[in-house]
Visitor: 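Dumping the structure here so I can ask a few things about it.
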Amino acid sequence: MKAELRNLVTRALEDMGLEGLPAVQIERARDPRHGDYATNIALVGAKAAGMPARDLARRLVEALPDSPLLAGVEIAGPGFVNFRLAADAYLSLVPRILEAGPAFGTSRLGQGRRVQVEFVSANPTGPLHVGHGRGAAYGATVADLLAAVGFDVHREYYVNDAGRQMDILATSVWLRYLELCGEELAFPSNAYRGDYVWDIAAGLHRDHGDAYRHPAAEVFRGVPADGPEGDKEAHIDALIAHTKTVLGEPRYHFVFELALNTLVDDIRDDLERFGVVYDQWYSERALVESGAVNRAIECLREAGHTYLRAGALWFRSTAFGDEKDRVLVRENGQTTYFASDIAYHLDKLERGFERVIDVWGADHHGYVPRVKAALEALGESPDRLDVLLVQFAVLYRGGEKVQMSTRSGEFVTLRQLRKEVGRDAARFFYVMRKCEQHLDFDLDLARSQSADNPVYYVQYAHARIHSVLAQGAEKGLSLEPSPGTTHLERLVEGHEQALLKDLARYPEVVEAAALDHEPHLLCHYLRELANAFHTYYNAHTFLVEDAALRDARIKLILAVAQVLRNGLGLLGVSAPEHM
RNA sequence: GCCCUCGUAGCUCAGCAGGAUAGAGCAACCGCCUCCUAAGCGGUAGGUCGCAGGUUCGAAUCCUGCCGAGGGCGCCA
């Protein structure tokens with residue numbers, strides 16, 4: 001509707017022979033006395049048109065083409081042009097929604113352009129915790145929203161299966177396994193201590209007995225002291241090296257793969273149960289082994305953007321707006337994580353995605369300029385990369401902040417959260433706030449089955465509508481008459497008009513939420529729509545004697561149910577028929 | 001020290017690319033079920049939009065400075 005009005009105004013301005021005016025903006029009037037929509041074009045364009053705003057407004061109204069959409073046009077205040085829509089414009093929405101069904105609210109705005117959304121991408125060194133949950137819910141919803149408005153969306157998880165952290169994990173598992181075999185050892189302070197490490201070790205012991213056992217003393221011989229007295233980093237690095245030599249490459253590889261696959265499978269399963277599914281799990285190791293990292297470094301070197309200093313190879317990222325230069329190849333010859341990330345992002349662009357969206361934790365924000373710098377240095381436009389930073393979520397239980405510590409393994413996992421509040425509440429709560437906003441996640445509220453809980457409030461509206469239909473069927477009332485018997489013009493009550501206006505907004509909300517990457521807009525909208533419905537429910541009876549009126553009202557609430565279902569679906573939340 | 005994000009009602013937050021008297025939900029107070037789920041609805045009260053300047057027809061919204069909160073500044077990933 002907005003677009004149709006914009007066309008009318010633009011055509012009128014063209015007919016008037018006015019040029020050089022700013023783009024026409026149509027906005028929804030906040031105050032019903034100002035009609036349904038308004039444009040400020042006369043105010044904004046007064047200077048360019050060389051006449052006072054109210055004069056421009058008056059001439060614009062005269063030049064406006066006739067349209068069945070409009071019931072009235074007025075000039076108000078300093079020069080606003082207010083549009084009042086014809087009753088029919090809203091009523092026709094109901095059959096449109098019912099016909100479109102799940103497709104209502106979708107569009108072709110994205111024109112099938114390819115967009116990649118990469119999110120979560122947590123290191124597979126442990127189960128996902130509640131911090132990852134927000135990125136998962138947010139990334140999945142942004143991806144679904146973009147798909148709904150016509151983009152060709154590719155969802156990807158970048159698996160950091162190369163590098164030191166994975167070696168620490170494999171070593172942690174093996175040391176726990178040795179303990180299960182009866183070896184006595186001091187478990188390193190820097191190793192992974194979570195229960196899941198014991199679980200993987202126990203699986204290894206169960207399936208292979210003592211086949212991987214070696215004396216602990218052999219492994220720890222000559223290893224520098226652990227922290228806090230010694231250097232815990234040197235300690236764990238030496239242990240990794242010993243583990244590799246004592247076990248030998250093929251057997252080390254086996255333990256490594258066991259740990260990696262167990263955790264990736266666990267993460268994948270966890271996300272699937274959260275309603276988050278990927279098109280691709282992209283392996284960092286595969287990227288390294290393909291030579292892409294070395295190729296990217298070579299490209300930067302040939303383009304003259306690198307230099308050697310203190311035995312390391314540096315990328316001159318300051319030339320592209322970064323605060324300081326960054327290391328690509330360490331003194332010890334190993335490439336940095338940053339180097340593989342450059343290769344990864346280059347690879348994304350080369351795969352033909354027009355836009356690449358990364359969802360990162362806000363603690364990585366300092367990382368954005370250097371990745372963009374690298375892309376620019378490689379001759380790519382950094383604007384094709386959009387990094388969405390998600391702030392941390394803080395859990396509250398009983399009014400108290402839930403303390404978490406990753407190091408000690410004392411954190412709340414995503415799985416525990418799902419178990420405690422359910423998938424629906426978790427998905428909804430995570431995206432209820434703008435992503436750059438700190439999120440207070442109230443566990444008690446999420447779990448409560450009351451009006452205070454926005455998820456239940458919206459779901460309840462949906463369930464209520466189905467309950468009405470069930471009641472009607474029980475009473476033997478005809479509820480699905482042929483289209484010819486509809487009498488939508490009977491919807492004259494204020495509550496019905498308000499509900500129709502809310503329904504009309506849905507496509508605009510989906511569009512804005514998708515393009516601005518702001519799913520919270522949809523959360524707020526659904527609450528408002530549910531509120532308009534509950535109000536209507538309390539004010540009027542739907543199952544009335546008058547068949548024509550009853551039919552019109554049922555059609556209206558069926559349309560409401562459809563929009564609630566579509567909106568909740570985009571958020572990954574179910575729309576139950578009974579509660 | 002430098003950089004990023006945030007600062008709106010007692011609390012948690014909206015406010016859509018500046019627009020017409022600042023909006024919700026909790027919490028507080030007052031009402032509404034012989035009637036489709038009261039997991040609901042209506043009403044009252046509550047804010048100099050952190051502070052100070054600037055930009056213009058017009059600023060919670062844009063710019064600058066200050067104050068406050070959180071986060072980031074590794075040859076870690």
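Just so we're on the same page: letters track the sequence lines, and every chain starts at 1. Hydrogens, waters and symmetry mates are skipped; everything else that's a heavy atom, side chains included, is used.
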Visitor: Could you state the CG-P distance from A/Leu439 to B/rC6, rounded to the nearest angstrom?
Guide: 15 Å

Visitor: Look at the rings of A/Tyr344 and A/Tyr158 and say which category their plane angle falls in: under 30° parallel, 30 to 60° tilted, over 60° perpendicular.
Guide: parallel

Visitor: Under 4.0 angstrom, heavy atoms only, what part of the nucleic acid is A/Arg505 near: base, sugar-phosphate, or nothing?
Guide: nothing

Visitor: Who pairs with A/His345 by ring pair (Phe, Tyr, Trp, His ring centres under 6.0 Å), at least two apart in sequence or on another chain?
Guide: none

Visitor: Under 4.0 Å between any heavy atoms, over every strand shown, what does A/Gln25 touch: base, sugar-phosphate, or nothing? Just pick one.
Guide: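 Base, at least one base atom sits under 4.0 Å.
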
Visitor: If the cut-off is 4.0 Å, is A/Asn531 near the phosphate of B/rA24, judged by side-chain N/O to OP1 or OP2?
Guide: no

Visitor: Can you tell me, in whole Å, how much space there is between the P of B/rG53 and that of B/rG15?
Guide: 27 Å

Visitor: Any side-chain N or O of A/Thr535 under 4.0 Å from OP1/OP2 of B/rG42?
Guide: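 Checking A/Thr535 against B/rG42: at least one side-chain N or O falls below 4.0 Å of OP1 or OP2.
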
Visitor: Expressed as a whole number of angstroms, how long is the span from A/Arg326:CZ to B/rA77:P?
Guide: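 Those two atoms, CZ and P, are 14 Å apart.
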
Visitor: How would you label the glycosidic angle of B/rC66: syn (within 90° of 0) or anti?
Guide: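 Nucleotide B/rC66 adopts anti.
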
Visitor: What does the B/S/- profile of nucleotides 30-38 of chain B look like, 5' to 3', with a 4.0 Å heavy-atom cutoff to protein?
Guide: ------BBS

Visitor: Please answer whether B/rA14 and A/His520 are stacked, defined here as ring centres separated by less than 5.5 Å and planes angled under 30°.
Guide: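 No, the aromatic ring of A/His520 does not stack with the base.
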
Visitor: Does the ring of A/Phe80 lie flat against the base of B/rG19, closer than 5.5 Å centre to centre with planes under 30°?
Guide: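 The base of B/rG19 is not stacked with A/Phe80 (the test needs centres under 5.5 Å and planes under 30°).
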
Visitor: What are the residues of residues 327-338 of chain A, sorted by number, that bring a heavy atom to within less than 4.0 Å of RNA chain B?
Guide: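 Nucleic-acid contacts, sorted: A/Val327, A/Arg330, A/Glu331, A/Tyr337.
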
Visitor: Have A/Asn531 and A/Tyr457 got a donor and an acceptor in their side chains that come within less than 3.5 Å?
Guide: yes

Visitor: When all nucleic acid strands are considered with a 4.0 Å heavy-atom cut-off, which category describes A/Asn123: base, sugar-phosphate, or nothing?
Guide: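 The residue A/Asn123 makes sugar-phosphate contact but no base contact.
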
Visitor: Tell me whether the OP1 or OP2 atom of B/rG74 has a side-chain N or O from A/Lys324 closer than 4.0 Å.
Guide: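 So the side chain of A/Lys324 is within the cut-off, an N or O lying under 4.0 Å from OP1 or OP2 of B/rG74.
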
Visitor: Out of B/rC6, B/rA20, B/rC4, which has the shortest distance to the side chain of A/Ala76?
Guide: B/rA20

Visitor: Could you tell me how far apart A/His364 (NE2) and B/rC76 (C1') are, to the nearest whole angstrom?
Guide: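 My rounded result for the distance is 10 Å.
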
Visitor: Enumerate the residue pairs fulfilling side-chain hydrogen bond (donor to acceptor under 3.5 Å, both in side chains) with a member in residues 516-525 of chain A, sequence neighbours excluded, ordered by first and then second residue.
Guide: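 Applying side-chain hydrogen bond (donor to acceptor under 3.5 Å, both in side chains) to every pair that reaches into residues 516-525 of chain A, excluding sequence neighbours, yields nothing.
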
Visitor: With side chain to side chain donor-acceptor pair (under 3.5 Å) as the test, would you mind laying out the steps for A/Tyr430 and A/Arg134 before giving the verdict?
Guide: CA-CA 5 Å; A/Tyr430 269 135; A/Arg134 189 173 186 192; over 6 Å; no

Visitor: With heavy atoms under 4.0 Å as the rule, sort A/His438 into base, sugar-phosphate or nothing.
Guide: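 The answer is sugar-phosphate, as A/His438 gets under 4.0 Å only of primed atoms, P, OP1 or OP2.
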
Visitor: How would you label the contact of A/Leu43 with the nucleic acid (heavy atoms, under 4.0 Å): base, sugar-phosphate, or nothing?
Guide: base

Visitor: Please check this pair: side chain of A/Arg505 against backbone of A/Leu529, looking for a donor-acceptor N/O pair closer than 3.5 Å.
Guide: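 Judged by distance alone, no pair lies under 3.5 Å.
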
Visitor: Separation of A/Arg54 atom CZ from B/rC57 atom P, in whole Å?
Guide: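 Answer to the nearest Å: 18 Å.
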
Visitor: Using the side-chain heavy atoms of A/Asn82, tell me which of these nucleotides is nearest: B/rA20, B/rG19, B/rC2.
Guide: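 Selected nucleotide: B/rA20.
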
Visitor: Would you sketch RNA chain B in dot-bracket for me? Only Watson-Crick or G-U wobble pairs with both distances under 3.5 Å count, crossing pairs as [ ], other-strand pairs as |, the rest as dots.
Guide: (((((((..((((.....[...)))).(((((.......))))).....(((((..]....))))))))))))....

Visitor: Rounded to the nearest angstrom, tell me the gap between atom CG in A/Asp322 and atom C1' in B/rG72.
Guide: 13 Å

Visitor: Going by salt bridge (Lys or Arg N to Asp or Glu O under 4.0 Å), name the pairs with one or both residues in residues 306-325 of chain A, residues two or more places apart or in two chains.
Guide: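 The answer is A/Asp322-A/Arg326.
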
Visitor: Is a side-chain N or O of A/Glu376 found less than 3.5 angstrom from the main chain of A/Ala373, in a donor-acceptor match?
Guide: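 No, A/Glu376 side chain to A/Ala373 backbone: no donor-acceptor pair under 3.5 Å.
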
Visitor: Between the base of B/rG19 and the side chain of A/Asn40, is one N or O donor paired with an acceptor at under 3.5 angstrom?
Guide: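 Flag set: donor-acceptor pair detected.
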
Visitor: Would you please classify the geometry between the A/Phe542 ring and the A/Tyr536 ring as parallel, tilted or perpendicular, with 30° and 60° separating the classes?
Guide: tilted

